[in-house]
Amino acid sequence: MAMESDMVEAEMVETSEFMELVHQFGVSGVPDTSINHGAGRVVGAVPEEHLLAEIQRVVA
Amino acid sequence: MPELLNQEIRDQVKQAFADLREPVEVLFFGSAQDCPYCEDTRQMAEEVVSLSDKLSIQVFDLEADAETATQYHVDKAPTLVLTARNDDGLKDYGIRYVGIPAGHEFSSLIHDLLRVSSRDSGLSQQTRAFLATLDKPVHLQVFVTPT
């Protein structure tokens, strides 16, 4: 998605090193995707359309 | 320092890299301050890019190269930024790896290098159509563990 739009930045965060971020967003399982610093969230490796729907909800 | 990637992994990655098409440049951001995984991450990234002549790496320091770090929105170390290296310079696709890309993350990194090299996101038409009209910033953070 980041490749398709200059508005999108995608950051893969290795959690054991950045526990403060994990606590900040209440991450419990992985992969856990946060959209715009917690405004949206998708848990697990979900299909592309699920992530898209959550992004659309956040930016609407 | 001994190599981090053993011969078996190097052979597998080399095989995958046969599909690399266009050049990709990795920007590594480390820090001299409190960064236990910086050296391993830099070494791993250097070993990976050494497996193909289509890949290159630039090494930056979060503090010493603060301007470049700001330009790429990098504020944590280690961070890897994947960019497309074109004739007119680097194109930032907004893809970042924060922390050491070990375990599953290593496969994701290799996969993303191939993606950026193909210059094709592989997404559905529906997703592409939405992203083409997106006018607000979207910051995705995918939290993963190395195991």
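These numbers were taken from a predicted model, which means no experiment stands behind them. Numbered from 1 within each chain, the chains take letters A, B, ... in sequence-line order. Computed over heavy atoms, backbone and side chain alike; hydrogens, waters and symmetry mates excluded.
Cluster membership check: A/Val46 shares its hydrophobic cluster with A/Val8, using side-chain heavy-atom separations under 4.5 Å among Ile, Leu, Val, Met, Phe, Trp and Tyr. Connection of B/Ile57 to B/Leu62 is not established within any shared hydrophobic cluster, with ILVMFWY side chains joined at heavy-atom distances below 4.5 Å, either directly or through further cluster members. Taking hydrophobic clusters as Ile, Leu, Val, Met, Phe, Trp and Tyr residues chained together by side-chain heavy-atom distances below 4.5 Å, B/Tyr97 shares a cluster with B/Leu20. Hydrophobic cluster membership is shared by B/Ile100 and B/Phe28, with clusters built from Ile, Leu, Val, Met, Phe, Trp and Tyr side chains linked at under 4.5 angstrom. Under the 4.5 Å side-chain contact rule for hydrophobic residues, B/Val26 and B/Tyr72 do not share a cluster.
Dense packing is recorded around CG of B/Asn6, with more than 12 heavy atoms of other residues, nucleotides or ligands lying under 6.0 Å away. In the displayed structure, B/Tyr37 atom OH is contacted under 6.0 Å by at most 12 heavy atoms of other residues, nucleotides or ligands.
Between A/Ala2 and B/Gly94, the shortest heavy-atom distance links the atoms CB-O, 3.8 Å. Of all non-hydrogen atoms in A/Asp6 and B/Lys91, the two that sit nearest each other are OD1-NZ, 2.7 Å.
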Query raised in the report: Hey, mind stepping through A/Thr33 and B/Gln141 against side-chain hydrogen bond (donor to acceptor under 3.5 Å, both in side chains) and telling me if it holds?
Result: CA-CA 5 Å; A/Thr33 304; B/Gln141 287 172 300; over 6 Å; no
**Report entry** Pair B/Ser124-A/Glu48, side-chain contact (heavy atoms from CB on, under 4.5 Å): steps then yes or no
**Finding:** CA-CA 8 Å; B/Ser124 71; A/Glu48 180 185 320; 3.0 Å; yes
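Looking at B/Ala77, the atoms closer than 4.5 Å to chain A (heavy atoms on both sides) all sit in the backbone: N, CA, C or O. Using a 4.5 Å cut-off between heavy atoms, A/Ala45 makes no contact with chain B at all. If you measure heavy-atom distances from B/Arg115 to chain A, the contacts under 4.5 Å come from both the backbone and the side chain. Contacts between B/Phe130 and chain A at a heavy-atom distance below 4.5 Å involve the side chain alone, from C-beta outward.
One N or O on the side chain of A/Asn36 and one on the backbone of B/Pro137 form a donor-acceptor pair closer than 3.5 Å.
Side-chain contact between A/Ile35 and B/His139: absent, with no pair of heavy atoms (C-beta onward) separated by less than 4.5 Å. A heavy-atom distance below 4.5 Å is found between the side chains of A/Ile55 and B/Leu140.
Put simply, OG on A/Ser5 and CG on B/Leu123 are 11.0 Å apart, with the number rounded to the nearest 0.5 Å. Taking OG1 of B/Thr127 as the start and CG of A/Leu51 as the end, the distance is 8.5 Å to the nearest 0.5 Å. Rounding to the nearest 0.5 angstrom, the gap separating the CD atom in A/Glu11 from the CZ atom in B/Phe143 is 7.5 Å. The distance from atom OG of B/Ser108 to atom CD of A/Glu14, rounded to the nearest 0.5 Å, is 11.5 Å.
When B/Asp112, B/Thr79, B/Val98, B/Leu80 are each tested for a side-chain contact (heavy atoms from CB on, under 4.5 Å) with A/Met12, only one passes: B/Asp112. For the side-chain contact (heavy atoms from CB on, under 4.5 Å) test with B/Leu134, the passing option among A/Glu4, A/Met7, A/Gln56 is A/Met7; the others fail.
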